[in-house]
Amino acid sequence: MDEETPLERERRAKVARWRADGREPYPWSFPGRVDSGVVRAACAALAPGTEEPARSFRVGGRLKIVRQHGRTAFVDLEDLAGGLQLILRVDELGEEAYRAWLADLDPGDLVGADGIAAVSRRGEPSLLVRSLTLLAKAITPPPEKYHGLQDVEERLRRRYVDLLASAEVRERFRVRTLLVREIRQYFDALDFLEVETPILQTVASGAAAAPFVTRSNYLGRELQLRIAEELPLKRLLVGGLERVYEIGRAFRNEDLDSTHSPEFTELEAYWAYADYHDMRRLTEGLYERLARRTVELWPDRPEVARAAERFQPPFPTLDFVDALEAASGIPRLLEKSREELRALARAAGSTVPDNSSTGTFLDKLFEHYVEPSIDRVTFVVDFPTATTPLAKRHRSKPGRVERFEVFAPGFELANAYTELTDPDEQEERFRSQLGERGDDAYAHDADFVEALRYGLPPTTGIGMGIDRLVMALLGLSSIKDALLFPLVRSR
RNA sequence: GGGCCCGUAGCUCAGCUCGGUAGAGCAGGCGGCUCUUAACCGCAAGGUCAGGGGUUCGAAUCCCCUCGGGCCCGCCA
């Protein structure tokens with residue numbers, strides 16, 4: 001990789017030739033450029049084999065393919081709007097310039113062109129080129145023109161090559177960004193305030209997960225990267241902000257697999273004076289809108305259309321306990337002891353540690369018996385109290401909390417509750433988790449309990465993984481396909 | 001953490017079963033061609049077969065180890 005290949009030597013020689021002619025192979029700017037769609041639109045009115053000399057255009061993009069045909073050459077130029085065929089002719093450019101350009105241009109070069117709209121005799125919208133400008137010489141050649149970059153490892157390690165070689169990959173990440181924009185617009189329109197809370201924390205809490213650890217030279221002590229946004233955001237509601245949300249990175253010190261990334265983008269939203277029924281309506285509305293928007297943004301994609309069907313409201317609802325008892329045939333689950341639940345989880349094939357909490361064993365049973373049958377976006381509601389230390393107890397179902405999760409086939413999309421607002425009960429829940437001495441306990445955040453003593457209004461909150469939401473909406477099977485730069489081992 | 005599979009030219013892939021000194025297409029070089037769409041035709045060039053060790057007269061091919069990756073399972077909301 002450090003060695004220069006013969007191909008690169010050739011291309012460096014072309015750069016040298018360029019400079020020797022007094023031309024800059026890496027110029028500073030290219031003013032007046034329009035995207036290729038503008039020229040294609042201008043071509044729409046033209047008959048095959050004709051051109052419109054009255055108006056000239058300037059385009060710029062990456063050179064994909066040259067089809068040289070003697071004294072005419074066809075060049076495919078690609079930009080974010082799609083691309084355009086350039087027609088180079090000896091008659092337009094002159095013998096010498098024509099030869100020089102074809103000698104010095106390679107696939108992968110960034111090229112600007114001035115010319116007029118023209119439609120080829122075969123009907124291809126084109127720019128009949130009057131002059132060309134090299135915008136950046138590519139020393140390393142791009143992947144093969146037809147198959148592109150196939151090597152999965154290379155696609156992840158050098159995402160820029162994956163992107164430049166594949167319009168589909170570019171479109172996937174463009175759509176992701178536009179969907180996040182849509183989410184912001186949804187919450188903004190409901191008068192939620194977008195806020196930013198600390199990533200560096202003294203104790204990472206709000207979820208059961210191993211944190212990344214770092215160190216502050218200034219404080220002279222260890223800090224942890226956040227594993228959730230929840231506790232700082234609820235403090236803001238204590239402070240009177242009433243409706244807040246944050247979209248940001250959370251970090252969990254765990255493996256990467258098809259649905260987990262050690263760093264992932266998390267949306268959390270908290271809504272005072274509302275409960276989880278309200279949040280459920282909000283969520284259904286958001287998902288319906290996102291599914292519709294995705295189809296708009298990326299039409300004619302079967303994966304997207306199939307995914308959108310799974311987002312058709314109203315979403316079906318499963319009661320956690322009823323569904324689990326029905327699917328497993330095990331009655332009165334809430335009356336089982338931790339030891340009994342552990343045995344049941346073992347029987348269902350789970351190998352979680354013996355010291356796991358009651359809630360973890362229940363989660364494992366649910367994963368085993370119920371999750372595989374979920375084939376569309378589904379609300380799962382009213383979890384056992386033991387699974388959920390930060391949610392308020394259910395107003396009518398004993399032993400449960402007011403909580404829903406949204407499941408897509410294969411993974412969880414979101415998790416929401418009516419928030420626990422009683423400081424003493426919160427203290428007790430943190431302690432009882434620690435009392436079980438599980439590795440999966442939430443870290444006790446004493447300052448958070450203190451905040452609750454000032455009074456948190458009745459509140460509902462939700463957390464959702466944006467990467468997984470993008471997967472579900474675009475029909476992706478791996479979270480790596482939703483991340484621009486997934487974590488990879490250094491080589 | 002366990003199992004299975006993969007790593008050959010810049011890129012996409014053959015060759016490995018059954019050991020005999022590395023092959024194609026694209027890209028690049030040279031030549032031809034004024035409407036192509038992965039243009040086409042001809043010629044020449046391009047390799048640490050992931051890395052290391054072993055077996056063998058001889059290893060891309062067989063064996064072991066290491067590195068990197070993929071899929072499944074487990075763990076992690």
Query raised in the report: From A/Glu196 CD over to A/Ile247 CD1, what is the distance, rounded to the nearest 0.5 angstrom?
Result: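 So the CD of A/Glu196 and the CD1 of A/Ile247 are separated by 11.0 Å.
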Report summary line: Between the OH atom in A/Tyr287 and the CE atom in A/Met464, the distance rounded to the nearest 0.5 Å is 3.5 Å
Query - Residues which pass ring-ring contact (aromatic ring centres under 6.0 Å, His included) with A/Tyr276, listed by chain and number, not counting sequence neighbours - result: none
Under 4.0 Å, heavy atoms only, any strand: does [X] hit a base, just the sugar-phosphate, or nothing?
X	result
A/Glu412	base
A/Asp91	base
A/Lys64	nothing
A/Ile65	sugar-phosphate
A/Thr140	nothing
A/Gly49	nothing

**Report entry** Close side-chain approach of A/Pro143 and A/Val161, heavy atoms under 4.5 Å
**Finding:**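 They are in contact (side-chain heavy atoms under 4.5 Å apart), so the answer is yes.
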Query raised in the report: Are any non-hydrogen side-chain atoms of A/Ser350 and A/His368 less than 4.5 angstrom apart?
Result: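 Counting from C-beta outward, A/Ser350 and A/His368 never come under 4.5 Å.
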Report task. With a 4.0 Å heavy-atom cut-off, tell me which residues in residues 224-231 of chain A come close to RNA chain B, sorted by residue number. Result ->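 Going residue by residue through residues 224-231 of chain A, none turns out to have a heavy atom under 4.0 Å of RNA chain B.
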Please produce a list of atom pairs where a protein N or O lies less than 3.5 Å from an N or O of nucleotides 40-45 of chain B.
none

Using the [atom1] atom as the point on both nucleotides, what is the distance between [M] and [N], in whole Å?
N	M	atom1	value
B/A44	B/G28	C1'	12 Å
B/G10	B/G46	P	13 Å
B/A45	B/G31	C1'	15 Å
B/A22	B/A50	P	14 Å
B/G47	B/C13	C1'	15 Å
B/C62	B/G19	C1'	8 Å
B/A14	B/G25	P	16 Å
B/C4	B/C49	C1'	23 Å

Restricting both atoms to N or O, compile the protein contacts to nucleotides 73-75 of chain B shorter than 3.5 Å, with distance only.
{"from": "B/G74", "atom 1": "O3'", "to": "A/Thr351", "atom 2": "OG1", "distance (Å)": "2.8"}
{"from": "B/G74", "atom 1": "O2'", "to": "A/Thr351", "atom 2": "OG1", "distance (Å)": "2.7"}
{"from": "B/C75", "atom 1": "OP1", "to": "A/Ser350", "atom 2": "OG", "distance (Å)": "3.0"}
{"from": "B/C75", "atom 1": "OP1", "to": "A/Thr351", "atom 2": "N", "distance (Å)": "2.9"}
{"from": "B/C75", "atom 1": "N4", "to": "A/Asp257", "atom 2": "OD2", "distance (Å)": "3.1"}

Separation of atom [atom1] in [X] from atom [atom2] in [N], rounded to whole Å:
X	N	atom1	atom2	result
A/Glu144	B/A9	CD	P	14 Å
A/Arg67	B/A38	CZ	P	7 Å
A/Leu164	B/C11	CG	P	13 Å
A/Ile87	B/C35	CD1	P	11 Å
A/Glu124	B/U34	CD	C1'	18 Å
A/Leu86	B/C35	CG	C1'	14 Å
A/His69	B/C33	NE2	C1'	7 Å
A/Gln85	B/U34	CD	C1'	13 Å

Query raised in the report: Is there a side-chain polar atom (N or O) of A/Arg71 under 4.0 Å from OP1 or OP2 of B/U34?
Result: no
Query raised in the report: Considering every strand shown, what is the Watson-Crick or G-U wobble mate of B/U61 when both distances are under 3.5 Å?
Result: none
Between the protein and nucleotides 70-72 of chain B, which nitrogen or oxygen pairs come in under 3.5 angstrom?
{"from": "B/G70", "atom 1": "OP1", "to": "A/Lys480", "atom 2": "NZ", "distance (Å)": "2.2"}

Inspect the contact between [Y] and [X] and indicate whether a charged nitrogen and a carboxylate oxygen are less than 4.0 angstrom apart.
X	Y	value
A/Arg99	A/Glu95	yes
A/Arg226	A/Glu266	no
A/Asp467	A/Arg176	yes

Query raised in the report: Under 6.0 Å from the CZ atom of A/Arg55, do we count more than 12 heavy atoms belonging to anything else shown?
Result: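 Atom CZ in A/Arg55 is not crowded, with 12 or fewer foreign heavy atoms closer than 6.0 Å.
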Query raised in the report: Do other residues, nucleotides or ligands put more than 12 heavy atoms under 6.0 Å from A/Arg67 CZ?
Result: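 Buried by this count: over 12 neighbours within 6.0 Å.
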Query raised in the report: What orientation do A/Phe251 and A/Phe212 show, parallel under 30°, tilted 30 to 60°, or perpendicular over 60°?
Result: perpendicular
Report summary line: Residue pair A/Val90/A/Val66 against RNA chain B: nearer the 5' end by closest nucleotide is A/Val90
**Report entry** 5' priority, RNA chain B, between A/Ala103 and A/Arg99 [closest heavy atom]
**Finding:**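 The 5'-side residue here is A/Ala103.
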Please tabulate, for side-chain N and O atoms in residues 108-121 of chain A, each donor-acceptor pair with protein atoms closer than 3.5 Å (sequence neighbours left out).
{"from": "A/Asp109", "atom 1": "OD1", "to": "A/Lys137", "atom 2": "NZ", "distance (Å)": "3.4"}
{"from": "A/Asp109", "atom 1": "OD1", "to": "A/Ala138", "atom 2": "N", "distance (Å)": "2.9"}
{"from": "A/Asp109", "atom 1": "OD2", "to": "A/Asp106", "atom 2": "N", "distance (Å)": "2.8"}
{"from": "A/Asp109", "atom 1": "OD2", "to": "A/Lys137", "atom 2": "NZ", "distance (Å)": "2.7"}
{"from": "A/Asp114", "atom 1": "OD1", "to": "A/Arg58", "atom 2": "NE", "distance (Å)": "3.0"}
{"from": "A/Asp114", "atom 1": "OD2", "to": "A/Arg58", "atom 2": "NE", "distance (Å)": "3.4"}
{"from": "A/Asp114", "atom 1": "OD2", "to": "A/Arg58", "atom 2": "NH2", "distance (Å)": "3.2"}
{"from": "A/Ser120", "atom 1": "OG", "to": "A/Arg122", "atom 2": "N", "distance (Å)": "3.3"}
{"from": "A/Ser120", "atom 1": "OG", "to": "A/Gly123", "atom 2": "N", "distance (Å)": "3.3"}
{"from": "A/Ser120", "atom 1": "OG", "to": "A/Glu124", "atom 2": "N", "distance (Å)": "3.0"}

Query raised in the report: Looking at A/Tyr417, A/Phe383, A/Phe379, which hits ring-ring contact (aromatic ring centres under 6.0 Å, His included) with A/Phe404?
Result: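 Among A/Tyr417, A/Phe383, A/Phe379, the one that satisfies the ring-ring contact (aromatic ring centres under 6.0 Å, His included) with A/Phe404 is A/Phe379.
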Query raised in the report: Among A/Thr459, A/Thr418, A/Thr421, whose side-chain hydrogen bond (donor to acceptor under 3.5 Å, both in side chains) with A/Lys392 holds?
Result: A/Thr421
